[in-house]
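Keep in mind that the numbers below use all heavy atoms, side chains included, and drop hydrogens, waters and symmetry copies.
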Amino acid sequence: MDETVGERIKKLRKMHNFTQKQVADYLGFKQTQIAKLESNDRKLKSSSLNKLCELYNCPKEYIIKGVGKYSKEEFKFRSSKDLDLNTLANMNRIIRNLKELNELNGD
């Protein structure tokens, strides 16, 4: 049986060791809204999809259709206790842009 969008969202969250509350705060939601997304009781809006893709550094097609493989980027922090997910999403965006620039340069 294929995974649902909610199951993929939950799998990504757990893979990154984030709580529903952390992801909810990042998206500007309540924790219960994340629970509903993960149980497919709530539809994912495109603005939230974009933010999740930035957070997890994955293509939209992976979350929506389960297309492709996903591998987690590994970062080393001195302390991840108070990790700000907005900062992590920005770091992912920078890394993705650098990879694209390297591809354009033939590196």
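Closest non-hydrogen pair, I64 versus V5, comes out as O-CG2, 3.5 Å. Pairing each heavy atom of N57 with each of R96, the nearest pair is OD1-NH1, 3.2 Å. When all heavy atoms are compared, the tightest approach of E38 to I9 is CG-CG2, 4.2 Å. Closest approach of E7 and D2 over heavy atoms only: OE1-O, 4.0 Å. Between L27 and S48, the shortest heavy-atom distance links the atoms CD2-O, 4.0 Å.
Remark: K51 NZ to L44 CG distance equals 12.5 Å, nearest 0.5 Å. To the nearest 0.5 Å, the span separating CG on L12 from CZ on F18 amounts to 10.0 Å. To the nearest 0.5 Å, atom CD1 of residue I34 and atom NZ of residue K10 are 12.5 Å apart. Expressed to the nearest 0.5 Å, how far CG of D84 lies from CD of Q22 amounts to 10.0 Å. Interatomic distance, OG1 of T32 versus CG of D41, reported as 11.5 Å (0.5 Å rounding). A distance of 13.5 Å separates NZ of K99 from CD1 of I94, quoted to the nearest 0.5 Å.
Geometrically, R8 does not engage Y56 in a cation-pi contact defined by less than 6.0 Å to the ring centre and at most 45° from the axis.
Shown here are the side-chain hydrogen bond (donor to acceptor under 3.5 Å, both in side chains) partners of Q31, two or more places apart in sequence or in another chain: Q20. Here S47 pairs with nothing under the side-chain hydrogen bond (donor to acceptor under 3.5 Å, both in side chains) rule; sequence neighbours left out.
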For this session: Verify side-chain contact (heavy atoms from CB on, under 4.5 Å) between K21 and Y26, making sure each step is shown before the conclusion.
Result: CA-CA 9 Å; K21 173 99 172 75; Y26 168 71; over 6 Å; no

Problem set entry | Residue pair L49, K45: steps toward the side-chain contact (heavy atoms from CB on, under 4.5 Å) verdict | CA-CA 6 Å; L49 172 63; K45 293 182 179 180; over 6 Å; no

For this session: Could you go through the side-chain contact (heavy atoms from CB on, under 4.5 Å) check for L88 and L55 one step at a time?
Result: CA-CA 7 Å; L88 183 59; L55 178 62; 4.2 Å; yes

Problem set entry | Worked verdict on N97 versus R93 for side-chain contact (heavy atoms from CB on, under 4.5 Å) | CA-CA 6 Å; N97 289 339; R93 189 172 33 256; 4.0 Å; yes

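For the pair Q33 and K30, the minimum side-chain heavy-atom distance is below 4.5 Å.
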